[in-house]
Chemist: 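I'd like to ask some things about the structure below.
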There are 2 protein chains.
Amino acid sequence: MTARTPDSARDIPEATVARLPVYLRALTGLAEDGTTTCSSEELAATAGVNSAKLRKDLSYLGSYGTRGVGYDVEYLRYQIAREIGVTQDWPVVIVGIGNLGHALANYSGFRSRGFRVVALLDADPDRHTDVVAGLEVRSFEDLEAIVTEHDVSIGVIATPAVAAQSVADRMVAAGITSILNFAPTVLTAPEGVDVRKVDLSIELQILAYHEQRKAVAGSEDVS
Amino acid sequence: MTARTPDSARDIPEATVARLPVYLRALTGLAEDGTTTCSSEELAATAGVNSAKLRKDLSYLGSYGTRGVGYDVEYLRYQIAREIGVTQDWPVVIVGIGNLGHALANYSGFRSRGFRVVALLDADPDRHTDVVAGLEVRSFEDLEAIVTEHDVSIGVIATPAVAAQSVADRMVAAGITSILNFAPTVLTAPEGVDVRKVDLSIELQILAYHEQRKAVAGSEDVS
DNA sequence: GCCGTTTTGTTCTCCCGTTCACAAACTCCT
DNA sequence: AGGAGTTTGTGAACGGGAGAACAAAACGGC
Ligand SMILES: NC(=O)c1ccc[n+]([C@@H]2O[C@H](COP(=O)([O-])OP(=O)(O)OC[C@H]3O[C@@H](n4cnc5c(N)ncnc54)[C@H](O)[C@@H]3O)[C@@H](O)[C@H]2O)c1
Ligand SMILES: NC(=O)c1ccc[n+]([C@@H]2O[C@H](COP(=O)([O-])OP(=O)(O)OC[C@H]3O[C@@H](n4cnc5c(N)ncnc54)[C@H](O)[C@@H]3O)[C@@H](O)[C@H]2O)c1
């Protein structure tokens, strides 16, 4: 009798999509603490957002709460995980096994959140003797074979900035359709390929801007 | 004769602040290529944004272009750097020198973009013998002394999630007013303290969501 | 079986950010 | 000097997201 789309919710706002992983993490935390039920108020506090926003976000997925009671932690956790698509594991390749690539390869948060690193690639032959986090570092030339074999759709770029675009191009040609870029450069990719970036310098510079304003506001008119 | 605020531009929108570092990087790239002048169209293309958006963003800083000509690369670069506050170096402390902390300490992009790592701190005494990137790893207990000595206002957290909030509290108590958090947890901080987070898992999960939608759209009605 | 309490799901309004479109302003050429 | 061509800076329209406020629904007590 519901006039909504029955199970496949349509067009979730991007801002909501970006918060769903936060809710997922908050729910996992609550579950570990033995909490079986929580209100939107509690969950919102744990996730650090407004409770009205949380409820609106969840309403895009469907009606998974119970009025007067709240949400079943485990049930909601599963629904969000299913919506995001992390109920099954996503194979991931990391390209550029330098300082940052090593850290990423050793990051346990991948596995525990629905991602599995299937290969580490580097252009430098000297690196190919290394074994990092139980995986041997392989030649970048193996990219196509690995993508095909493991049906990889997500690639991580941790190479120097100058190499990033060419790596991205190779990834796209090999069939990868989602890229997470750590190199400080703007990547261009064809329609249908999602690119997200993580940029440490930008984050710091944003902090610096606000920091500077605090300093100026503090000194006011010194002359 | 300008009715604008003469030199200290007021309240730049947050979305604009987040893009200024991108423009700064694009301008640095153009300068390295020997370009002395560029139009908003060129710069926008390099930075990967709409040219109207770029012009509006720059208009918040002042009127630094010349109609019919474009922008002087070096001049605009300096103006943005000054606005962000990266014409002088900002001292930074990194707490948690594990996998990620090592990579961050070795990251050359800090120094070249207006930041100087003045100390590496870790709670584990076994780490205190290490020297990373020319800096010895010191005890977390030294935080207050270091913050006071170097007048540090920016702190980076690369500890496990469980420790992040207590580290943040100590930072705030020591006088740090801007925090960049890599731990996958929601931090709370008092008014006046800026907290930004970099969350790898969230980025990947956002990619996974869109990836899943692509897959569903491709298969349509399989039943 | 009914009423009060609790909490969700949703509507409505406001605000911020994006984009279009164009007048103002500058250069260069004749 | 004047006009054609360019490019900036900004006013205005538009769309999306945030938050307040409330109606609908479920539970519990009697
Ligand atoms: N280290 C950090 O904490 C940090 C932080 C933020 C951003 N970044 C960025 O991440 C990237 C990597 O940083 P890093 O410190 O690990 O650098 P790095 O020099 O230590 O490692 C880069 C690795 O990429 C490999 N490589 C180079 N060209 C390649 C190619 N075409 N194909 C495949 N592999 C290639 C190199 O052999 C090297 O192993 C850089 O763009 C850097 O700006 C690093
Ligand atoms: N490794 C990655 O690529 C990666 C990526 C994204 C996020 N993260 C997050 O970054 C954080 C660090 O990751 P990691 O892989 O480097 O972990 P790690 O275990 O290798 O390093 C953590 C370091 O923090 C230190 N530490 C623990 N408690 C502390 C405290 N109270 N005060 C000071 N230091 C303390 C530990 O001694 C250790 O050296 C984690 O929260 C992780 O989830 C890591």
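Quick note: numbers below take in every heavy atom, side chains included, and nothing from hydrogens, waters or symmetry partners. The sequence lines fix the lettering, A, B, ..., with proteins before strands; numbering per chain opens at 1. Just so it is clear, the model here is predicted, and its values are computed rather than measured.
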Chemist: For A/Lys53 and D/dG19, is the shortest distance between a side-chain N/O and OP1 or OP2 below 4.0 Å?
Modeler: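 It does, given that an N or O in the side chain of A/Lys53 lies less than 4.0 Å from OP1 or OP2 of D/dG19.
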Chemist: Under a 4.0 Å threshold between the charged nitrogen and the carboxylate oxygen, would A/Arg25 count as salt-bridged to B/Asp199?
Modeler: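 Yes, this pair counts.
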Chemist: NA contact type, A/Glu14, heavy-atom cut-off 4.0 Å: base, sugar-phosphate, or nothing?
Modeler: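 It contacts sugar-phosphate atoms only.
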Chemist: Would you list the atom pairs, donor with acceptor, under 3.5 Å between side chains in residues 160-172 of chain A and any protein atom, with sequence neighbours excluded?
Modeler:
{"unit_1": "A/Gln165", "atom_1": "OE1", "unit_2": "A/Thr188", "atom_2": "N", "d": "3.0"}
{"unit_1": "A/Gln165", "atom_1": "NE2", "unit_2": "A/Asp169", "atom_2": "OD1", "d": "2.9"}
{"unit_1": "A/Gln165", "atom_1": "NE2", "unit_2": "A/Thr188", "atom_2": "O", "d": "3.0"}
{"unit_1": "A/Ser166", "atom_1": "OG", "unit_2": "A/Ala163", "atom_2": "O", "d": "2.9"}
{"unit_1": "A/Arg170", "atom_1": "NE", "unit_2": "A/Glu144", "atom_2": "OE2", "d": "3.0"}
{"unit_1": "A/Arg170", "atom_1": "NH2", "unit_2": "A/Glu141", "atom_2": "OE1", "d": "3.4"}

Chemist: Return the value, rounded to whole Å, for the distance between atom OH of B/Tyr71 and atom P of C/dA25.
Modeler: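 From B/Tyr71 OH to C/dA25 P: 15 Å.
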Chemist: Determine, using ring centers only, whether B/Tyr75 and B/Tyr64 are less than 6.0 Å apart.
Modeler: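 Aromatic pair counts; centres sit under 6.0 Å.
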Chemist: Find which nucleotide of DNA chain D each of B/Gly65 and A/Arg19 is nearest to by heavy atoms, and output the residue with the more 5' nucleotide.
Modeler: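 Result: B/Gly65.
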Chemist: Side chain of A/Val69 only, please: which of D/dG9, D/dC27, C/dT8 is the nearest?
Modeler: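 Looking only at side-chain atoms, A/Val69 lies closest to D/dC27.
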Chemist: Would you say that more than 12 heavy atoms from the other residues, nucleotides or ligands in this model lie under 6.0 Å from the CZ of A/Arg116, or not?
Modeler: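 Yes, the 6.0 Å shell around CZ holds more than 12 heavy atoms from other groups.
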Chemist: Within this structure, what is the CD-to-P distance between A/Glu41 and C/dG9, rounded to whole angstrom?
Modeler: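 Distance, rounded to whole Å: 14 Å.
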Chemist: Does a side-chain N or O from B/Asn50 land closer than 4.0 Å to OP1 or OP2 of C/dG17, or not?
Modeler: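 So the side chain of B/Asn50 is outside the cut-off, no N or O lying under 4.0 Å from OP1 or OP2 of C/dG17.
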Chemist: Given D/dA21, C/dG9, D/dA18, which nucleotide is nearest the side-chain atoms of A/Lys56?
Modeler: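 Shortest atom-to-atom distance from the side chain points to D/dA18.
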Chemist: Looking at A/Val22, A/Val17, A/Leu24, which hits side-chain contact (heavy atoms from CB on, under 4.5 Å) with B/Gln205?
Modeler: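 Testing each of A/Val22, A/Val17, A/Leu24 against B/Gln205, the sole residue satisfying side-chain contact (heavy atoms from CB on, under 4.5 Å) is A/Leu24.
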Chemist: Between D/dG9, C/dT8, D/dA20, which nucleotide has the shortest distance from any of its atoms to the side chain of A/Ser39?
Modeler: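 Among the listed nucleotides, the one closest to the side chain of A/Ser39 is C/dT8.
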Chemist: Taking the nucleotide of DNA chain D with the nearest heavy atom to each, does A/Arg67 or B/Thr66 sit closer to the 5' end?
Modeler: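 Going by which nucleotide is closer to the 5' end, it is B/Thr66.
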Chemist: Any idea which of C/dT8, D/dA20, D/dG17 is nearest the A/Arg55 side chain?
Modeler: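 Comparing C/dT8, D/dA20, D/dG17 against the side chain of A/Arg55, the answer is C/dT8.
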Chemist: Look at the side chain of A/Ala15 and decide which nucleotide, out of D/dA18, C/dT19, D/dT8, has an atom nearest to it.
Modeler: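 The answer is D/dA18, which lies nearest to the side chain.
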Chemist: Rounded off to whole Å, could you give me the CG-to-P distance for the A/Leu54 and C/dT8 pair?
Modeler: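 About 8 Å, once rounded to whole Å.
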Chemist: Establish, with yes or no, whether the OP1 or OP2 oxygen of C/dT8 is under 4.0 angstrom from a side-chain nitrogen or oxygen of A/Ser40.
Modeler: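 The answer is yes; a side-chain N or O of A/Ser40 sits under 4.0 Å from OP1 or OP2.
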